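Treat the numbers as computed from the prediction; the structure is a model and nothing was measured. As a basis for the values below, the full set of heavy atoms in this structure was taken, side chains included, without hydrogen atoms, waters or symmetry mates.
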Amino acid sequence: MPPAVLTATVPVPAQESPVSDKIADKSPHPPSSSARLESFFRIRERGSTVGREIRGGLATFFTMAYILVLNPIILSGAEDKYGNQLDFGQLVTVTALVAAVMTVLMGVTANLPLALAAGLGINAVVAYQIAPLMTWADAMGLIVLEGIIVCLLAATGVREAVMNAIPQPLKVAISVGIGMFIALIGFIDAGFATRIPDIADTTVPLQLGSSGSLSGWPVVVFCAGVLLTVSLLARGVKGAILISILAMTVLAIVINSVADIADEAWGLTVPDWPGDVVEAPDFGLLGEFSFFGAFDEVSAVTVVLLVFTLFLTDFFDTMGTAVGVTSEAGLLDEQGRVPRLGRLLFVDGLATVFGGAASGSSNTSYIESAAGVGEGARSGLANLVTGGLFALALLFTPLALVVPSQAAAPALIAVGFLLMTQVRHIDWTRYEIAVPAFLTIAVMPFTYSITNGLGAGFIAYVLLQAVMGRARKVHPLMWAVSVLFVIYFAIEPIEDLLGV
């Protein structure tokens, strides 16, 4: 047996391996753009995809692009106390600018598919009620003041507490009422239904078409759009709403080019390819506001009442819109609360401040965002698309205004239907719940105001709970808000009483 051989282990210098060194030194692959988007916006967690978010952002923009024309028309068409008027072109610029910035900010901070732009109704109050009492700068200063108050209430949690105090059945009714409201907006914007002039001496406020019957190619485009949209939705086609908007825009452009149609028949936007696609923005109105100027023009009591009217409209319009849109998106929690509500409300308040500071009137959350939700949007990524398109509109405003309301309005009809389906969650056998819910749903479209519907529902709810002996079960904030709404509805008698 051979003797054992002892071997010494001699340390050998490690051989350098270029390949292994590269592997060891190589850092992990940076996440892709889609992965970063997914992580930030939690897209998959909310049951969505990047493609759906993009389609949703496009749909929202096209359904609210009319504000680029309508807001300037309303504000530039009025005069202040000294006969001054705002420039139309400058108003287009600030309308697009503030909408772009605040919509993106909402998407990034609150991660919700809720776009913002100049608030309809509020701009009319500014133009026809406030501006005639003072200068335009003074009127916009009141908007800034009101926005600061809203921001303070949002920052302190008061605004969020009010929203969380609303009972679940009323939140459902708010969503349904908004569905009815935006459907009515769609019918009116498309000319399918029109207001009967007062000179007709009739008690009927609305009629079919412009003369009691449907006529004209624009209405044909709208009807075809509604049929196409609901057909695509019924078939479960991805991008149904966006496909309909684009298809009807092309159809409208073709019809307008071959048929003899007056521009006014289309409404605010005519489907005619513009000669100049690019137009330079004019930022001349930025910063043209006076914070305390109103106090030199009218009494302090009048200022307080004006700010109160603006505040209540802004406050509860946003509340209704936030509940309606997030409910349709399936984002409410078990208690019916809106996610990241504090951030949502603060950004909405900032939109009011910046809207006034830019002389573009108060900006607020848009119920047309429901069109994007109907297209699948569930996160703030959709807002980046919508906001980006508003930013592009600063340069490409003529191109953005090619889409007529008749092509975009079918989206509102479809979304109105989707919101209406939630009515089944209301217990119609309990009158103390059913009556406030009914008033909320009915008053919104019948008075063309989300705020009015909320006020009617809140007051009825508190009253009926008290009648049923359940006054103590009503949240104190519901009592306080109902009192504010009583003041809101009685604002004219109060002004007469105070002599303002």
Side-chain angles (χ1 to χ4, degrees), residues 55-73 92 95-96 117 120 182-195 208-211 213-233 237 239-279 366 368 370-372 374-375 385-386 389-390 392-393 396-417:
R55 292 197 303 268
L58 288 167
T60 295
F61 173 77
F62 285 127
T63 55
M64 60 188 290
Y66 67 86
I67 197 61
L68 294 171
V69 176
L70 188 53
N71 191 51
I73 285 177
V92 172
T95 299
L120 287 175
I182 64 175
L184 178 59
I185 291 174
F187 286 125
I188 297 296
D189 286 352
F192 185 87
T194 60
R195 173 180 172 273
L208 183 66
S210 59
S211 59
S213 62
L214 297 178
S215 61
W217 285 107
V219 176
V220 171
V221 171
F222 168 73
C223 292
V226 171
L227 295 176
L228 176 60
T229 304
V230 297
S231 298
L232 294 174
L233 286 174
V237 175
I241 292 176
L242 184 59
I243 290 171
S244 174
I245 292 174
L246 296 177
M248 291 305 104
T249 298
V250 172
L251 176 62
I253 292 174
V254 172
I255 290 176
N256 191 61
S257 64
V258 300
D260 185 17
I261 305 174
D263 287 352
E264 55 267 21
W266 292 104
L268 294 174
T269 54
V270 180
D272 189 17
W273 194 260
D276 295 321
V277 174
V278 179
E279 193 171 86
Y366 255 58
E368 282 84 351
E375 195 57 71
V385 177
T386 304
L389 290 173
F390 271 117
L392 286 175
F396 297 96
T397 300
L399 192 59
L401 301 181
V402 169
V403 181
S405 57
Q406 289 80 5
L412 302 182
I413 309 303
V415 173
F417 158 73

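- Partners of T95 under the side-chain hydrogen bond (donor to acceptor under 3.5 Å, both in side chains) rule, at least two apart in sequence or in another chain, are N71.
- Interatomic distance, I241 CD1 to L228 CG, rounded to the nearest 0.5 Å: 11.0 Å.
- When all heavy atoms are compared, the tightest approach of A96 to L68 is CB-CD2, 3.6 Å.
- Taking both residues in full, the closest heavy atoms of G191 and V219 are given as O-CG2, 4.1 Å, listed atom of the first, atom of the second, then distance.
- Residues passing the side chain to side chain contact (heavy atoms under 4.5 Å, CB included) test with A224, sequence neighbours excluded: M248.
- Between T249 and the options L246, L251, I253, a side chain to side chain contact (heavy atoms under 4.5 Å, CB included) holds for only I253.
- In this structure, A59 and L242 approach most closely via the heavy-atom pair N-CD1, 4.2 Å.
- Just one of I245, V385, V403, T386 meets the side chain to side chain contact (heavy atoms under 4.5 Å, CB included) condition when paired with F61; it is T386.
- Partners of Y66 by ring pair (Phe, Tyr, Trp, His ring centres under 6.0 Å), not counting sequence neighbours: none found.
- Residues that satisfy the ring pair (Phe, Tyr, Trp, His ring centres under 6.0 Å) test with F192, not counting sequence neighbours, are F187, F222.
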Which is it for F390 and I67 under the side chain to side chain contact (heavy atoms under 4.5 Å, CB included) test, yes or no, and what are the steps along the way? CA-CA 11 Å; F390 271 117; I67 197 61; 4.2 Å; yes
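- Taking both residues in full, the closest heavy atoms of T63 and T60 are given as OG1-O, 2.9 Å, listed atom of the first, atom of the second, then distance.
- Taking the side chain to side chain contact (heavy atoms under 4.5 Å, CB included) definition, one finds that V237 meets it with L232, R235, I243, sequence neighbours left out.
- Applying the salt bridge (Lys or Arg N to Asp or Glu O under 4.0 Å) test to every pair with at least one member in residues 55-72, sequence neighbours left out, gives these pairs: R55-E375.
- Two residues are said to be in side-chain contact when any heavy atoms from C-beta on lie closer than 4.5 Å; V92 and P72 meet this criterion.
- Distance check, rounded to the nearest 0.5 Å: CG of L389 to CG of L58 gives 5.5 Å.
- Every residue meeting the side chain to side chain contact (heavy atoms under 4.5 Å, CB included) condition with A262, not counting sequence neighbours, appears here in chain and number order: E264.
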Indicate every side-chain donor-acceptor pair of residues 405-415 with a distance under 3.5 Å to a residue at least two apart or in another chain.
residue : atom : partner : partner atom : Å
S405    : OG   : D189    : O            : 2.9
Q406    : NE2  : W266    : O            : 3.2

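- A search for side-chain hydrogen bond (donor to acceptor under 3.5 Å, both in side chains) contacts involving S257 returns nothing, not counting sequence neighbours.
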